[in-house]
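The structure appears below as structure tokens.
Every heavy atom of this structure was used, including side-chain atoms; hydrogens, water molecules and symmetry mates were not. Numbered from 1 within each chain, the chains take letters A, B, ... in sequence-line order.
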Amino acid sequence: MSGILASMIDGLLIGSVYGLAAMGLSLIWGVMDVINLTHGAMIALGMFGMYLLFGASAANPYLLLIPVIAAGLVLGMIVYWLSVSWVIDRPQLMSLLSTFAVNMMVIGIGTAIWSTSPYNVNFSLPGITVGAYTFTGNHIAAAISAVVIALLLELFLYRTRAGKAIRAVADNRDAAELMGISSTQVLMVAFAIGIALAAASGALVSTLFPFTILSGASYQLKSFVVTVLAGLGKPFGALVAGVLLGLLEGAVSPFIAVSWIPLIEFGLFVVVLILFPRGIFGRATA
Amino acid sequence: MTDLLQVRGISKRFGGLQAVADVSFNLGEGEILGLIGPNGAGKTTLFNLVNGVFKSDAGTITFLGKDITGRSPDQVVHLGLARTHQIVRPLSGMSVLENVIVGACFGRENQSMREARATALEVLERVGLADRANSSARALTLAGKKRLEVARALAARPMLLLLDEVLAGLNPTEIGQMIALILSIRDGGVSVFMIEHVMQAIMNLSDRIVVLNLGRKIAEAPPAEVVKNADVVEAYLGFPDIVDKLRGAQ
Amino acid sequence: MKRTSLIAFLLSLFFVAGGFAQTITLGFTVSRTGSLNVDSLEQYRGFELWRDTVNAAGGIKAGGKSYKVQFASYDDESNSKRVQQLYTRMILEDKADFLFSPYSSSLTATASIVTEQYEKIMLTTGAAEEKTYKLGNQHLYQMFAPATQYLTVALDALKAKDPKATVAFVYEDASFSVAVVTPAKAYAQQLGFNVVFTEAYAPNTTDFSAIIDKVIASKATVLLGGGHYADGSTLARQLYGHKVPLKMISLLVAPDSPQWAELGDAAVGVIVPSQWEPQSTFKAQYGPSGADFGKAYTAKYNAPPSYESAGGYASGLVLQHAIEQAGGIDTDKVAGALNSTDITTFYGRTKFSTVASEHGLQVGHAIVLAQWQKDKAGKLVKQVIWPLAGKSADLVYPIH
Amino acid sequence: MMLRRPLFWLILLLAAVFAWLPKHGNNVALREDLILVAVAIILTSNLNLMIGYTGYVNFGHIVFYGLGGYVGLYLMTVRSWHLIPAALTAGVAVSVLALLFGLGILRLRGAYFALATIGVLEAVQAFVSNFESWGRSTGMYVSFESYVPMGGPKHALWLTYFLIIGVMALSLMLSLGIRRSKFGLGLFAIREDEDAAIVLGVNATLYKAIIYSVSAFLPAVAGALMFFKNGMIDPSIAFEYMLSLEGIVMLMLGGQGTVAGSALGAGLYERLRSYLLTSPRLSAFHLVIAGALLLLVIRLAPGGLIGWLYRLVPRSREVIE
């Protein structure tokens, strides 16, 4: 097996986790035009949620995703009430600043509790070896979990009443109101789902790498890149774009030092923002 | 009468919608040119093309003998072509006076702050907003905001003023005042190109009228001829009351 | 005897009440939190054990006075920006007489600017990089053997075992590891090794998959590098998880910590260049013996000392020695005493360069190599494998 | 005109007090506190030119400070320049670079612009972390010999301090000068409604690019001075995202769009942060407090402290600009 192929498979696996993280950001952005700057903090809370649950129960981490997601939904509603509900009709910069304020508070409280020291979830599944290369079980399981969660979200959005209501509100809030959909409730639910997705992705990351309370920030940045690539309000597109970003990382890393990759990513991010403010893969719903 | 503005074959397409198609017309110095047409006919888009908010897909626009096709709105203002907005856009966080100073500062004469202040006070006096100079632009009534739109545009000392539905939403008294203002602007040597739905007013004010339907010019004539034009009547068929008004306006 | 101690006690009470008690304040920051917390806390324990030992013995005795030692110390959160603010604060507001360095070469380099600007003596420990000593500092004294030695020693050991090995350098892009790897790479080539892969990773890296794939593709049989605990332990875990077929892994700093054993199977066979190991048998001219230090440390902290702990304790000893020699705490006199220091403690020999272009650089101390091995009971223990004269076990090569 | 504005004299007084207080009595500890306040004021008042005056939120404003530090230290350490020309050159170089960035990303509006500034910050940091001439992740160090022509480190630090105070005064003067100028009026118009401003004749593209570039100049000079004082620079301290974000909190707290607000917010917040610095628990709480403050300000007093003062005493608007 060639090094590039192995590297791309590694990229594919981690990319699906980037994609899952970005889905949460993308959903919220698309439905209520709020750029959720608590995203990184919520990813970090997902990591610590997994750490605490795994420490307390030693259960299979992939089962523990369920309570993490449930807690994420509740947390999402609280954060919505605290930082979003009252700025929803004010200029977009207000929600940017209010979610950023909550982000600071969460990081501050998290630092007080856990400091900025690294933590590990000590769990490992046997990997799959192909030639000289081994793909760890945790990466494979994380990728599968991410795809399953993404599919469940897609089913929810397209097959349930609540999901359809969310899409209707995303499409045109006023029209949805006229059709008798209570947009305030729908917005809260959509926000909560977005946060739960962030927490779930954080929980998966915690099974792969050590993390600190500040680790969410880098996944938040990746989520921005992915969301902008995918186009807003396209959760499943975000998963695809996340995988593509991972593949890109995997494809270039054999040829350059890994430390150059952020430059490529953020350069790409800025260029795509300028050239395709609606995303490469599609138009915004708005 | 020399031509201040010459528009030749301009078009604009948004995705699948041809908003403006191959429109040409002239506007003479000292003239009030009316622009009418059913909703969605492309009137505001035409304004946006003339003052450079949108770039035309084809054709040319000549103002004062200069080709201004593709120039940005701020460059167009410097040449002496100012406009108002259909949906008022006051700079809400600033006072009425400051709003008008912006117009004067960045207008045709590129005035200094000191000159602009004098101009602004004079213009506010003229549009009847002098007593509200120091109140916040946000606090004005709709009629006040429409006057502010006109005042800002006038402060730019334009040669040509584009007025986009400055009468809509006003009560009869306010309409009367605004009409008087428009006439006084023209008498002051400024040409006017105006979109209006208040038919009686535009029929009385305009020297000539351009009629748009589905992005195309279907008529260009003095008001009396326009109302007799079969295409125009047909275009307005979906709006019988307007046809009545068109007729009634005569 | 009893009476004199009673008098001494009363006298000391009098001095405390009258404000004449002699104390010296030592300032330093500790990375209690952040990525350097593991290594830094071990260093702090060395300081602390020394302070308690000295104070229990009545303080440092110099020029007919006794000085009790007190600390002014803060958490720098492993962040060099805070280091400068805090060292300034310790000098200006806590009136620290002497300073110890924070943990790590990067933080020390930052702190040394402040201490030099205010002309305060700072003993640096947990900071092996040499560049800092070549910037014109006059008040900096290095306790660790310089960075150049770390991996050259490992390469010597490798040369003896497998001169045909192919070598990969994977290291943290930080002051210390760069200072280690740059000369080590040149030395490897000089020894005739084929260096097949070199890459520096960003200090906060957690995902090494891409680099590991490249190491595999390079067909390297030996990996040298690392940086500090957080990245080094992660790298070792992931090398193990990806089953990279390496015959030898030598990482900086991280494997020296007793916490390394928590890595389980990923820990086995990893080599660490070390400033000191509990098995070392230097004959101490001054201070406790290695065995006594180890016993006291283990009793207090319930874990064996790492070389950071030993370095911390030794810094205290060397400062104590210099104050005694100087007969007081005057900065210039103590600096003079440090310049002429040449002593052997349990930690080994300590001597500072007095050459103007590299003032304060450590020239007496030397590096040993230790390797994590499984003993007969299957328990993970760290054995000294180099130099051969001081070894407690043979190098296990290849690892598996 | 300028001379008749009370704030002009207040700024001079502030600078004089800042310069005199620590020097009189040689209070180095006070100097160290005040220099941090001064830097906070420099960063916040220049950030105010973008956020408060023009309505563009720049999350990556710190990139100018960091790049200024890098260019300055590069000139001082590698090219052996003196502090002052190095700092000025850093300011000019970074402003030119900002102009180029600005022409690209200022095509974006609102939140998209804000996101792009994060992208620029991260991309620049990634670049510098790999840039060999600037020492990659390990950065650059000032040799102690460079203090010798300034009469040793003590004098060098005082010199740096006075220069920073000068830059602080200039920053506030710049904000004050722009505020009642035609240029400032154009910026305010852009802030209120960019499309309407363009139709009124404001060349928004040019104005935005200029102010973005201008807002880079003094922070870059300050960066060169401060990193000289720090004696070293590396990417993590040069491009500290958190500091960039705290600048926004300071500005919102004091009152965006006002000169006094940017100074007041910066001063208050920086003192609070220094007070909480020494304990890790409390220093974590400074984020909590900052976040709560920001949330409260957005919710209750979007005009910040100065906006609140305006509401309380409407006439103060004329004096406290």
Could you look at V102(B) and say if it's the side chain, the backbone, both or neither that has a heavy atom under 4.5 Å from chain D?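 Interface part for V102(B): both.
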Between I101(B) and chain D, with a heavy-atom cut-off of 4.5 Å, which part of the residue counts as in contact: side chain, backbone, both or neither?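 Both backbone and side chain of I101(B) come within 4.5 Å of chain D.
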For chain B, which residues of residues 198-205 of chain D have at least one non-hydrogen atom nearer than 4.5 Å to it?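 Interface residues of residues 198-205 of chain D: I198(D), V199(D), L200(D), G201(D), V202(D), N203(D).
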Max heavy-atom pair count under 4.5 Å with chain D, selected residue of [options]:
options                  : answer
Q75(B), H78(B), M94(B)   : M94(B)
A116(B), S112(B), S92(B) : S92(B)
R83(B), E98(B), H85(B)   : H85(B)

Under the side-chain contact (heavy atoms from CB on, under 4.5 Å) test, residues paired with R186(B) that sit two or more places apart: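 Only I32(B), L183(B), D207(B) meet the side-chain contact (heavy atoms from CB on, under 4.5 Å) criterion with R186(B).
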Return yes if some donor-acceptor pair links the side-chain N/O of K182(D) with the main-chain N/O of Q111(B) below 3.5 Å, else return no.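 Confirmed, K182(D) side chain pairs with Q111(B) backbone.
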Got a sec: does the CG of L300(D) have more than 12 other heavy atoms crowding it under 6.0 Å?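 Yes - once you tally the heavy atoms of other residues, nucleotides and ligands closer than 6.0 Å, there are more than 12.
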Is R107(D) atom CZ crowded by more than 12 heavy atoms from other residues, nucleotides or ligands, each under 6.0 Å away?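 No - once you tally the heavy atoms of other residues, nucleotides and ligands closer than 6.0 Å, there are 12 at most.
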Separation of R138(B) CZ from E192(D) CD (nearest 0.5 Å):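 The CD atom of E192(D) sits 7.0 Å away from the CZ atom of R138(B).
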Quick check: under 4.5 Å, non-hydrogen atoms only, which of residues 120-134 of chain B neighbour chain D?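 None at all.
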How far apart are the closest heavy atoms of R180(D) and M113(B), and which atoms are they?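 Looking at all heavy atoms of both residues, the shortest contact is O-CE, 3.3 Å.
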Applying salt bridge (Lys or Arg N to Asp or Glu O under 4.0 Å), can you list everything that pairs with R147(B), at least two apart in sequence or on another chain?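 Per chain and number, R147(B) pairs via salt bridge (Lys or Arg N to Asp or Glu O under 4.0 Å) with no residue.
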